[in-house]
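Report on the structure given below.
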Amino acid sequence: MHNPVIYEQLNACAAACNACYASCLNEDDVAMMARCIELNRDCAEVCLLAASLVARDSENADNMLALCANLCTACAEECEKHSQDHCKRCAQVCRACAELCQSPAH
């Protein structure tokens, strides 16, 4: 398996994105949160797939980690546009995940 730290970070990012997604659905203006919700869902799903590929040391893991880094960055950028605590937490976790996914030591 690739570095187990990346596996843990990918799962933590998926959890943070799912929590943010669920919290966004409870906001007063859900329409304002639509892009955040979409990116949260996409990021969570890609992070879980990447974690699966990493866990089994798939030859496609590096390609998926590159995609994951891009999606985590996009999700973080969107979450940073919002003042809600769940968005701030999600952005921090997504930034950390993107950085680790881009690391040559993953």
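Model, not experiment: these values are computed from the prediction. Here, residue 1 is the first one in the sequence, and each next residue gets the next number.
At distances below 3.5 Å, not a single donor-acceptor pair connects side-chain atoms of D57 with backbone N or O atoms of L53.
When every heavy atom of Q9 is checked against every heavy atom of L100, the shortest pair comes out as CB-CD2, 3.6 Å. In terms of heavy-atom proximity, C20 sits nearest to C79 at SG-SG, 4.0 Å. Scanning all heavy atoms of the two residues, the minimum distance from A16 to C90 falls at O-SG, 4.0 Å.
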Report all side-chain donor-acceptor pairs from residues 28-42 shorter than 3.5 Å, counting only partners two or more places apart or in another chain.
from: D29; atom 1: OD1; to: M32; atom 2: N; distance (Å): 3.3
from: N40; atom 1: OD1; to: Y21; atom 2: N; distance (Å): 3.3

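Residues H82 and H86 form no side-chain contact, since every pair of their non-hydrogen atoms from C-beta on lies 4.5 Å or further apart. C47 is not listed as a side-chain neighbour of C17, based on a closest heavy-atom distance of 4.5 Å or more. Side-chain contact between L10 and C101 is present, with at least one heavy-atom pair separated by less than 4.5 Å. For the pair L49 and E45, the minimum side-chain heavy-atom distance is 4.5 Å or more.
When hydrophobic side chains of Ile, Leu, Val, Met, Phe, Trp and Tyr are connected at separations under 4.5 Å, L48 ends up as a singleton with no cluster partners.
When the shell of 6.0 Å around CD of E99 is examined, it contains 12 or fewer heavy atoms from other residues, nucleotides or ligands.
Follow the hydrophobic side-chain contacts under 4.5 Å out from V5 and you reach L65 in the same cluster.
Looking at residues two or more places apart in sequence or on another chain, you find a salt bridge (charged side-chain N to carboxylate O under 4.0 Å, His left out) between E80 and R95.
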Practice task
Verify side chain to side chain contact (heavy atoms under 4.5 Å, CB included) between L67 and M64, making sure each step is shown before the conclusion.
Solution key: CA-CA 5 Å; L67 173 63; M64 186 56 65; 3.9 Å; yes
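Atom SG in C13 sits 12.0 Å away from atom CD in Q92 (nearest 0.5 Å).
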